[in-house]
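Have a look at the structure below, then the notes.
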Amino acid sequence: MRRLRGTAAAAVTALAVLAGCSSGSGNTPVAIIGGGTQASFAGDLLQPPTHEPSFTLEDTSGHQYDLRARTAGKIVLVYFGYTHCPDICPTLMADIAQALRESSTAVRRHVKVAFISVDPVRDSTTVIRTWLDHFDPSFIGLRGSIRQIIAVQHELGVPASQVRPHSKHGYTVEHSAEILAFTPDHLAHLLYTEGPTTIQDIKGDLAALVKEGKWGA
């Protein structure tokens, strides 16, 4: 079944995928995008695509990091999560990391993964770096104030994360499980509303995205 989305905001409004929920399954729509060639993807096609805003957050080395500028020319997967997430966050990070390990060198050098913490109280730069290194040391870890993170989520059309009290853990953070895939033209052409189904889905989509070239950049 072919799935097309009008905007990222419209896609996520129709979905209540929060931390603690399991990931779903994706299909493989076929579309003519990018350089005009035919490509098949497991993710949802965004038509029109979502523009990548310019924003700066703190990276795991403690420096200010402009994601748009620092990842120019790359395929960038952007995901909002937190290190205390019990299921979907570590699952997605592990799957993406494995997909990259199974990908060719040509694909790997064109892909960046950005994990943006929605839990700045517990997720210090050190905590984020240690957690991400379990999956892939090349993954970018970013953090900021709750106000900053919500502002970025708003610009990307992603539902704002919310802190909820929890009897055992003090609190948990409800957050959407979307992954936005930006291309070198600074547009997100794909949205994974609950994460790709399999590692092979991610691997196949990344290869197809890289093959599309500069996407008009």
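Position 1 is the first residue of the sequence, and the numbers go up from there. Just so it is clear, the structure is predicted and the values come from calculations on it, not from any experiment.
- Of all heavy-atom pairs between F80 and Q153, the closest is CE2-CG, 3.5 Å.
- Judged by distance alone, the side chain of R143 and the main-chain N or O of D59 form no donor-acceptor pair under 3.5 Å.
- A donor-acceptor pair is defined here as one N or O able to donate and one able to accept, closer than 3.5 Å; such a pair exists between the side chain of D201 and the backbone of T198.
- Residues E155 and P53 come closest through the heavy atom pair OE1-CB, 3.2 Å.
- Side chains of R108 and T105: a donor on one and an acceptor on the other come within 3.5 Å.
- Taking each heavy atom of L180 and A188 in turn, the nearest pair found is CD2-CB, 4.0 Å.
- A donor-acceptor pair under 3.5 Å links the side-chain atoms of T183 to the main chain of L187, judged by distance alone.
- Of the residues V76, L209, L206, the one that meets the side-chain contact (heavy atoms from CB on, under 4.5 Å) test with V111 is L206.
- For H110 against G73, the heavy-atom pair with the smallest separation is CD2-O, 4.5 Å.
- Just one of Y82, F139, W131, F135 meets the ring pair (Phe, Tyr, Trp, His ring centres under 6.0 Å) condition when paired with F115; it is W131.
- Side-chain atoms of S117 and D119 form no donor-acceptor pair, as typed in the model, at a separation below 3.5 Å.
- Proximity of a side-chain donor or acceptor of K74 to a complementary backbone N or O of R109 within less than 3.5 Å is detected.
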- Item | Residue pair L132, D136: steps toward the side chain to side chain contact (heavy atoms under 4.5 Å, CB included) verdict | CA-CA 6 Å; L132 288 177; D136 190 320; over 6 Å; no
